[in-house]
Amino acid sequence: MGFDLKINGVVRNLDVPPDMPVLWILRDLLGLTGTKYGCGVAQCGACTVHLDGEPVRSCLLTVSAAAGHDITTIEAIAQTEAGAKVQQAWLDEEVIQCGYCQSGQIMAATALLQHIPNPTDADIDEAMAGNICRCGTYVRIRKAIRKAATHET
Amino acid sequence: MKSFFHLKHFLMRSVVATICCWSSVAAAETQLIKRGEYLFHAADCAACHVAPESNKLTGGRPFTLPFGTIFAVNITPDKQTGIGNYTDKEWLKMMHEGVGKGGRHLYPVMPYTAYTLMTDADALAIKAYLFSLKPEKALPPPNTLNFPFNQRWGMVFWNWLNNPNKRFQPDSTQSEQWNRGAYLTEALGHCSQCHTPRTITYGLSSKAYAGALQMGWRAYNLTSERQHGLGSWTDDQLISYLATGKAHGKGVASGPMAEAVEHGLRYMTHEDIAAMVAYLRSLPPVAEGPTVQDGQSGSESTFSVVSRRGKKLFVQACAGCHLPDGRGRQSEWGALEGAHSVSDPAGDNLVQVLRSGTSLETGQGKVFMPGFMKGYTPEELAAISSYVLSHFGRTHEDIKPAAFKN
Amino acid sequence: MKPRKNKVQKGFLPSSRRALLGAAVSAGSGFLLSAFLPGLPLLKASKAQDAATGAIFSPNAFIRIDAQGKVTFIIRYAEMGQGIYTGISMLLAEELDLELDQVFLEAAPADLAYVDSVAGEEETGGSSSTRDSWIPLREAGAAARMMLIAAAAHHWGVTEDTCQARNGRVFHRDSPRSLSYGELAEAAAHQAVPVKVSLKSPADFKLIGTNPRRLDTKAKIDGSARFGIDVQITGMKIGRIMACPVKGGRLTGYDRIAALAVLGVVDVITLPDAIAVIGNHMWAAIKGLEAANPRWDYGSNAVTSTNDIVARMKKASEQSGVQAVKNGNAEAALKQADIRIDAVYELPFLAHAALEPINTTLHIRQDGADVWVGTQVPGRARQEVADATGLPPESISVHNHLIGGGFGRRLDSNSIGQAARFAKQVPYPVKLIWTREEDITQDQFRPFYYDRISAGLTRDGAISGWHHRTTGSAVTARWYPEGMQKGLDPDAVEGAAQTPYALPDQLVEFVRDEPDAVTTLWWRGVGPTHNVFVVESMIDELAHQAGHDPLAFRKKLAAHQPRALKVLEEAAKQSGWGKVLPPGHGMGIALHYSFQTWAATVLEVAVEQSGQIRLVHVHTAVDCGPVVFPDGVVAQIQGGLIFGLTMALYNEITLKDGRVEQTNFHNYRMMRLNEAPDISVHIVPDPDAEIGGIGEVGTVAAAPALANALFAATGKRLRRIPFAKQFGGEKA
Ligand code: FES
Ligand code: FES
C-alpha cells in the first residue's frame, strides 16, 4: 500500500503497512534518526514531531493518519523562526545532558512558542509536562524557554 | 428479482445453505463455514471466549458477578475440553435453552436468552464454523460461585422466569431493514444483555436499553432519548461508532464496548450496521442514566481544587494522546470531547479505563490505553478523573479516591 | 554510577582493606600504568588508526595531531550526558595550550591503552572520570606540549625555555617566530618522550575552572548526534528481542510461520531463553514478535513475588552479618542511652530507565566482528562478544557511541552478549533493540535493601551507640568478585561505614541475601544512595527526638569535619534555614560525603490537604575540591537531584509470579517538568583539596532531604521508598 508523506517539505511515497507509526518510517526507512524512540506509548515525548504545526507523538501516529499532512522533524526545525530561537536558547543555557530526550523537548518548546509567543510559567508547565527528561534538565528547559520567548520581540 | 427477496430478506441468509444446490458438497460446506464465521462475529462470541493473552478461543476469561466468578469455556472443537462432542441437537438446545451437553444448565452470562431468538440455521452455521477451527486442549478454571448459585439446577427456575425460549418473529409492520436490524441486535449482537438493566434475579428488566452497570463498566442508555440516549447522534455517528469504535464528536468505545467492536461489529457489512442503527433509532425513549454534555467546559476558575490539581497530572500523562483540548492527537481514537464517559458524573467508565486500560483493533492498527494504577496514587487518579469530568463534561463533581482503591 | 573499585578513601577504611585493594590493583595493572605514562609507544590499534587518519604526531593514546594542525582527542570515557567529553578535553587542552573549539573528539575503541588505571579497566562510572584523569590526562597534554616545544626549539636552534605554547602554536620568546602545531607535528613525533612532565600551576589555568560551551551539545539540538540506537550500517536489519519474562525460564514454542508472514519480517531466531524477530524495520520486528506469540516455561521463579523476597530478607536480617566497622561497643552504649530508636528502613528494587532503551548493533563475520553500541565498559563489551562468538578479542572492534543515559545500566554488558548470540546466527549486520517494556522488565535492578538501625542519644545530645545492619544483594560479588572483602561488599555499606559524624560506639554489618528472581546492578549513587538515606533519616529522627534543630545537631556531630561545616553553613544560609514557612511546608536537610565530595542539601516541600506533595526549592552546597567545569558540576547536581527525587517519590520495581509488574513510564513513573522544583547549586571552593566526583552526589542527597522535609511538614516519618503513595487524602 502506498502513502504519500510530506516530511520537512519533501513528499515521499512509502510502501508500508497502514498501521506503521511515523516514528519508524523516519528512523528506519528515511534515516532521520533525530526523532527518538523512548516508550512507544505516548508517555515520554522523545518521538515528538510536528503535524501541521501541532506537536504529536510519532510513535503512535500511523502513516495512514499522517498521510496528507505536513510533518516537520528536529532535522528541519531550525528553518522555523521559533525553532531557531529555541535551539539557540538551548545552547546558551547549556540545557543538554545525554541529549536523548532533547529533540522531543525542542519540538515541544517550539510548538509552544509558535502558539504562545510569551508563555507564562503555567503555559510552559502545561506544554512540556508530556516530555520526560531522565537526566533531569527541567530547570534549564524552563529557563531556556523563557529566554527564547524574550528574544521574540 | 429484488421483490422476490424483499419479504424475508433478513431471514434469507439463514436458509441459503439449505435451499441452494451447489455442485459440490465441499463448496457448500465452505460457504456454510464462511457464513458461520460472519455470524460468529455478529454474535460477538470471541469477546468472551478468547483466552486472556492469546488469540485462541479457549476461554478462561473470568466474569465477576454479584454472586461469584464464572469462567468462559473453551469453544474450540476439542473433544475433551472444548465443544467437540456436541451434536446439532445438543447445540441448539444449548444456544436456545441454555442447557449444555449432559443436561447441565448454563449460567446466563452466556447470553442464551438472546441467542434463543437465533434461527436454527444460523446457530448451526456458527457451530459449523467453530468445528472448522483447530481443536485446542485447554480447561478453564472452575467457577467459584457462592451457594446457592453454585447449584446449576437452580437455573431451571431462573429460566422459567427469564428465558422464553422462542425464535425471533419479524414485525411485518416494520421495514425489512428494521427487521434485519432487530434480529442482529437482539438475537446475535445481544446488546440488551449489557444495556438493559437487570432485575433482582439478574433477568432483564422491562426498561429496555435504558443503560446498566456491568462489572464496573456502564453500558449507556441506547434509547432515542436526546439527553440520556442516542437521540442527538446522527446516523453517520452511530454507524461510525459501531463499525470503528469512534464517532466524531461523540468519543470512543472503550472497555467491553471496544471488545464488542473489535471482535464483532467491525466485521459486519455496512448494510447490517445500518440495519442495526435503524432498529436502535426506534427504541422508545427512556430518560434514565447520565446525560451527555456537549461542547467545551466553562472557565477553570469554577473547577474544584482537586480538578485543578488533576489538570497538572493530565498534561503529564494524558495530553500526549488526548491533547489538552481533548481532540485526540495522533489518532481520532484519542478524542474525549462529547463522549458519554466524560460527562457521567459517576465517572464509572472513566474510572475503569484509568484503572485497567482499554484497547481496540482498528483498520489503522491497534489503539490502546494502559491502566495507570501502578504509577499514580488513588488521590492522583481521582484528581485526573475530576479534571476530565469538569473540563470535558462540564460535570463538577469530584471523583473519590476510593474509586481507585482495591 | 558504581562505587570506586580500587580507590581508597583516605582515613575511612581499615588498613587491612586498603592493603587488599592495593594488592588487587597492582596484580593486574603493571601494563596499565605504562599506558598512562605519556609518550610511551602507542598500541597497534592506534597506529593503524594513525595511518587511516593521517595523524603524524600521536604522543600518546589520547592525542593526535595531523600535518594540517587538526587536533583530535580520543576520549576514553562514555559520554552519557555528564559532560565528560568537555571536562576531559579541558584537561588535555589546558596543558596542550589549545582552545576547545580547535579540537575534534573521538570515542576510544576497546583497547588497553584506554584502561582507567584506578578502575583497572576501560570504564565510566563511580563518578570517577575526572578524578582519575585529573593528573594523568593533564600529564598527557603537558608531555605533548613539551614535545612540540622541543621540536620548535630544535628547528630554530634555540633552547626550549625560550619557547612557549599558546593557542595551537609555539612562539619564540626572543624573536617574532612561531610555528603551528600542524607544522611541528612531524618533528615532534621524533622528539624524545619527556621523562619528567611539568604541569601548569593552577594560577595559570585558562580553561580549567571556566565554563566553555559543551562540546557535545551542538549535535544534540539538531538531531545529528548519533546514539547507539541511531547506528545505520549498509545492509543492516533491525530486530526486536524478547527474553523470558521470568528469570531462569526457557522458550518452549512460538509461531514461526505467523511471524514470518508479517510484512517486512525476514528472520526469527532464538536462544534458549529469548527470541528475536528481525525485519527491515523496527515496526516489522515489533509486529512479528507479537505474531510469534512466544511461549515459555517460566521455571522455578514463576511463583516468586517481591513479598517473598522481602520476607526472606527480613528473616536474614535477624542474624548478625559481616562486620564492616566496629568501634567501641555499640550494644553497651545503646543500653546506656537516654533515648533509643530502633527502626527498619526499606529501599526497593529500582530500574535505570535511561531514556535510550538498550540496543546493540553487530556484524559478526567468520574473521571478526564490529559492534556499535554505547557502553560504559568497552573492554567488557568486547569480551562478551568474544565469549559469545568464539572470535579472538583482537578481531572485534567496539565502536562506542553516545549514550542516552547510563546511570549504571551500561556498566553491565549482558545485553551485548545476548545480542551477539543472536547476531552470530545471521550473516548481515543487525541492530537489536529492547523495547521500553523489555528495558524495564529485563533490567538488572538496584538491589532491594532491608536495613535495621538502632541508635541512642545521651541527655546532652551526643550519640550513644549506633548499630546499622544492612541486608541485601552484593552487586560487587557478581560484577567484580575480587572486590569482596571476606564476605563484605564494600558498596553495600558505603555511606554507612563512613559517616560525617563522630560515632564512638559504632557497629556496621552486612548480611548478604541474594534474590533468585532478579539480577542486581549498580545504580546512580550506588551504596551512598541507599545508606545515606538511612543514616541521614536516622540522624534527623534523633535530632527531633532530642528536641534539637536538625542543622545544629549535625553541626555539632560533625564538628571535626571542617568541610562538612562549610557546606552545611552555605546550604543553610542560601535556603534561609529556620525562616517561617507557610502552613503545610517543611524543610529538610541532608549532609553527606561520597565520591570524595562533600554536599549539604536543604529541600523545601509543601504537602497539600489531599496528600499531594509539591517540591518547592532545593539548595545544595557542594565542595568537590578543584573544579574543572563549574557549570558541569551545577548540571550534574541538578540532574542528580531530579533523578533521586523521582525515585524517592515514585519508583519501585515489584514482582508478581516472577514477572516484573512495571512495564513502561505509565507505571514506572518519571518526574515531569511541572513537578520539578527550583534547584540552586552553590559551589564551595576548595581548590587545594583532593578532587571529588560529582555525577552521583545529587542523587544521594535527594531521598533523605525529602524524607526529612516531609517529616518537618507533616510529622510523618517515612522509612520506606517510594513516598508518594504513602500520602493519602484521608490520612493527611
Ligand atoms: S516514544 Fe513516543 S512518546 Fe515516547
Ligand atoms: S538529556 Fe538525557 S534524557 Fe534528557
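Note on naming: letters A, B, ... go to the chains in the order of the sequence lines (proteins, then strands), and numbering restarts at 1 for each one.
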When C:His352, C:Met670, C:Met671, C:Glu356 are each screened for side chain to side chain contact (heavy atoms under 4.5 Å, CB included) with A:Arg134, the one that passes is C:Met670
Spacing of CG belonging to A:Leu29 relative to CH2 belonging to C:Trp283, to within rounding of 0.5 Å: 13.0 Å
Can you tell me how far CE of C:Met282 sits from CG of A:Asp28, rounded to the nearest 0.5 angstrom? 8.0 Å
So, taking the atom named NZ in A:Lys36 and the one named CD1 in C:Ile229, what distance separates them when rounded to the nearest 0.5 Å? 8.5 Å
Measuring heavy-atom distances to chain A, does C:Asp222 have an atom under 4.5 Å in its side chain, in its backbone, in both, or in neither? both
Do side-chain atoms of A:Arg140 reach the backbone of C:Gln638 as a donor and acceptor pair under 3.5 angstrom? no
Please check if the number of heavy atoms outside C:Leu105 that lie under 6.0 Å from its CG is greater than 12. yes
Residue pair C:His281 / A:Arg27, side-chain heavy-atom distance below 4.5 Å: no
Looking only at non-hydrogen atoms, find the nearest pair between C:Leu355 and A:Ala46 and report the distance. CD2-CB, 4.3 Å
A:His69: what forms a ring-ring contact (aromatic ring centres under 6.0 Å, His included) with it, not counting sequence neighbours? none
What part of A:Leu23 gets closer than 4.5 Å to chain C, counting heavy atoms only: side chain, backbone, both or neither? neither
Rounded distance [0.5 Å steps], NZ in C:Lys220 versus CH2 in A:Trp90: 15.0 Å
Can you tell if the side chain of C:Ile286 reaches within under 4.5 Å of the side chain of A:Trp24, non-hydrogen atoms only? yes
Can you tell me which of C:Asn280, C:Asp230, C:Ile440, C:Ile642 forms the most heavy-atom pairs within a distance under 4.5 Å of chain A? C:Asp230
With respect to chain C, which residue among A:Gly99, A:Ser103, A:Ala76, A:Cys101 yields the maximal number of heavy-atom pairs within a distance under 4.5 Å? A:Gly99
Minimal heavy-atom distance between A:Tyr100 and C:Gly404, with the atoms involved, is CB-CA, 3.7 Å
Give, as side chain, backbone, both or neither, the part of A:Asp19 having an atom under 4.5 angstrom from any heavy atom of chain C. both
State the CG-CD distance between C:Asn211 and A:Glu94, to the nearest 0.5 angstrom. 8.0 Å
Whatever's closer than 4.5 Å to a heavy atom in chain C on A:Leu91 counts as both
If we define contacts as heavy-atom pairs under 4.5 Å, which of A:Ala42, A:Gly34, A:Cys98 has the most with chain C? A:Cys98
Heavy atoms, side chains only, cut-off 4.5 Å: are A:Ile124 and C:Leu673 in contact? yes
Against chain A, label C:Thr646 side chain, backbone, both or neither, depending on which of its atoms sit under 4.5 Å from a heavy atom there. side chain
Using side-chain heavy atoms (C-beta onward) and a distance below 4.5 Å, is C:Arg436 in contact with A:Gln43? no
Could you report the tightest heavy-atom contact between A:Gly38 and C:Phe665, atom names first, then the distance? O-CE1, 3.8 Å
Greatest number of heavy atom pairs closer than 4.5 Å to chain C - which of A:Gly40, A:Ala129, A:Gly83: A:Ala129
Under-4.0 Å salt bridge between A:Asp92 and C:Arg213: yes
Sort C:Ala676 into side chain, backbone, both or neither according to what part of it lies under 4.5 angstrom from a heavy atom of chain A. both
For A:Ala78, which atoms come within 4.5 Å of any heavy atom of chain C: side chain, backbone, both, or neither? neither
Does any heavy atom of chain A fall under 4.5 Å from the side chain of C:Ala353, the backbone, both, or neither of them? both
Note: C:Met80 and A:Cys135 closest approach over all heavy atoms is O-SG, 4.4 Å
Let me know if C:Lys287 has heavy atoms under 4.5 Å from chain A in its side chain, its backbone, both or neither. side chain
Between C:Asp439, C:Leu402, C:Asp631, C:Leu645, which residue shows the highest count of heavy-atom pairs closer than 4.5 Å to chain A? C:Asp631
Contact part of C:Val634 toward chain A, heavy-atom cut-off under 4.5 Å: side chain, backbone, both or neither? both
Option that, when pairs with chain C are counted at under 4.5 Å, heavy atom only, ranks first among A:Pro21, A:Cys44, A:Cys133, A:Gly130: A:Pro21
When you look at C:Thr435 and A:Tyr37, which way does the side-chain contact (heavy atoms from CB on, under 4.5 Å) test go after all the steps? CA-CA 9 Å; C:Thr435 57; A:Tyr37 164 66; 3.3 Å; yes
Search all heavy atoms of A:Arg142 against all heavy atoms of C:Asp678 and return the closest pair with its distance. NH1-OD1, 3.4 Å
Within-4.5 Å side-chain heavy-atom neighbours: C:Thr217 and A:Gln102: no
d(A:Cys39 SG, C:Tyr668 OH) to nearest 0.5 Å is 15.5 Å
What heavy-atom pair brings A:Ile132 and C:Arg672 nearest, and what distance separates the two atoms? CG1-NH1, 3.5 Å
